Amino acid sequence: MLFQTLFFTLSTATNTGVPTEIIVATEETVSKSQFIDFYQFVPDLMATFLGFGLALFGQWIWEHNKDGSNAKQLKKQINYELKRIREELGVISGISVEPFKLPIWDTCISTGDLKLLNNELQAELFLVYSIIKEFNAWSLMQANFYFENNRLNEALENELEHLKNILLGDGEKSINHLLNVLKGGD
């Protein structure tokens, strides 16, 4: 249809006798102008995909490095908290409502930063920190019993001593073992 319109315009312009600039349009040039030139489109398309791919790769590298440095910082903080607990555990005696505050561990759990560490280390951390939390719970029960009865409960005292020995020992549930794992993971 476009070709017919151009042809009609050309024929009427020549009948008027007015000199006009004649543009010759053939079906071949009309059909070429309707489609995008494939040879010009492919390099642009490839450049677009290459640029997008490089941007995604750069972002991945940035996130990977950031996660690695965050994991090292998290290990150092957990290491510090465990050393503090180990020192306090060695001198603890008597009644204590909640002997160990766990701000770093609680923050790791609530923010999901624990996912920065590998699965094996996560499992070992859960194991040791569950014993520390259990120690806190038994200490609270002992304190409640003492405040209600004005004496210590021997069964509770034995359980606390048992948990203390586990945490201070050299087994895989101990703080010392976990500190060695954290040191070796750097």
Side-chain angles (χ1 to χ4, degrees), residues 47-186:
T48 301
F49 282 121
L50 183 64
F52 186 69
L54 286 175
L56 287 177
F57 183 66
Q59 183 179 5
W60 177 82
I61 288 174
W62 177 264
E63 292 293 325
H64 183 70
N65 287 337
K66 185 176 76 168
D67 286 350
S69 65
N70 287 346
K72 285 181 182 179
Q73 184 180 8
L74 181 61
K75 284 180 183 180
K76 287 179 184 177
Q77 290 173 344
I78 290 173
N79 195 359
Y80 170 76
E81 185 172 71
L82 288 172
K83 284 181 180 178
R84 181 186 50 82
I85 290 171
R86 182 179 62 185
E87 290 170 5
E88 292 174 4
L89 198 59
V91 296
I92 197 168
S93 63
I95 302 298
S96 180
V97 175
E98 188 179 4
F100 306 117
K101 305 290 186 212
L102 307 171
I104 295 171
W105 176 253
D106 292 338
T107 302
C108 284
I109 295 298
S110 65
T111 60
D113 281 347
L114 207 57
K115 71 179 187 293
L116 296 172
L117 306 175
N118 64 33
N119 292 338
E120 295 166 359
L121 185 56
Q122 287 179 22
E124 291 186 17
L125 284 168
F126 274 116
L127 185 64
V128 170
Y129 272 100
S130 66
I131 294 173
I132 293 170
K133 286 190 173 264
E134 186 178 352
F135 189 90
N136 280 346
W138 282 101
S139 294
L140 181 61
M141 286 190 289
Q142 179 73 304
N144 284 339
F145 185 83
Y146 180 78
F147 291 131
E148 290 174 2
N149 302 317
N150 286 332
R151 67 182 178 87
L152 295 176
N153 184 331
E154 277 188 46
L156 292 174
E157 193 65 33
N158 290 339
E159 184 61 29
L160 284 171
E161 193 61 34
H162 173 70
L163 291 173
K164 184 177 177 179
N165 289 336
I166 289 174
L167 289 171
L168 289 177
D170 288 328
E172 66 180 37
K173 297 178 182 178
S174 72
I175 292 175
N176 290 331
H177 171 73
L178 189 55
L179 288 173
N180 288 335
V181 168
L182 284 170
K183 187 190 308 179
D186 286 341

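Small disclaimer: the values here were computed from a predicted structure and weren't measured.
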In short, Cys108 meets Leu74 closest at the heavy-atom pair SG-CD1, 3.0 Å
Considering non-hydrogen atoms only, spot the tightest contact between Leu116 and Ala71 and give its length.
O-CB, 3.9 Å
Taking the six-membered ring for Trp, are Trp105 and Phe126 parallel (under 30°), tilted (30 to 60°) or perpendicular (over 60°)?
perpendicular
Are Ile132 and Val128 close enough that some pair of their side-chain heavy atoms sits under 4.5 Å apart?
yes
If you measure from CD on Glu161 to CH2 on Trp138, what distance do you get to the nearest 0.5 Å?
14.0 Å
Give me the atom names and distance for the closest heavy-atom approach of Leu117 to Gln122.
O-NE2, 2.8 Å
Counting only N and O atoms by type, is there a donor-acceptor contact under 3.5 Å from the side chain of Asn79 to the main-chain atoms of Lys75?
no
Please round to the nearest 0.5 Å and tell me the distance separating atom CD of Gln77 and atom OH of Tyr80.
10.5 Å
If a pair satisfies salt bridge (charged side-chain N to carboxylate O under 4.0 Å, His left out) and one of its residues is in residues 129-144, list it, with sequence neighbours excluded.
Asp106-Lys133
Could you walk me through whether His177 and Glu124 pass the side-chain contact (heavy atoms from CB on, under 4.5 Å) check?
CA-CA 9 Å; His177 171 73; Glu124 291 186 17; 3.4 Å; yes
Mind checking the OH-CG spacing from Tyr129 to Leu178? Nearest 0.5 Å is all I need.
7.5 Å
Between CG on residue Leu167 and CD1 on residue Ile175, distance to nearest 0.5 Å
5.0 Å
For residues 83-91, run the donor-acceptor check on the side chains, cut-off 3.5 Å, and write out each pair with its distance to 0.1 Å, sequence neighbours left out.
residue	atom	partner	partner atom	Å
Arg84	NH1	Glu88	OE2	3.4
Arg84	NH2	Lys101	O	2.8
Arg86	NH1	Asn176	OD1	2.8

Steps toward side-chain contact (heavy atoms from CB on, under 4.5 Å) verdict (Ile131, Phe135)
CA-CA 6 Å; Ile131 294 173; Phe135 189 90; 5.6 Å; no
How many angstroms lie between atom CG of Leu114 and atom CD1 of Ile109, to the nearest 0.5 angstrom?
5.0 Å
Kindly compute the distance separating CG (Asp113) from OG1 (Thr107), expressed to the nearest 0.5 Å.
8.5 Å
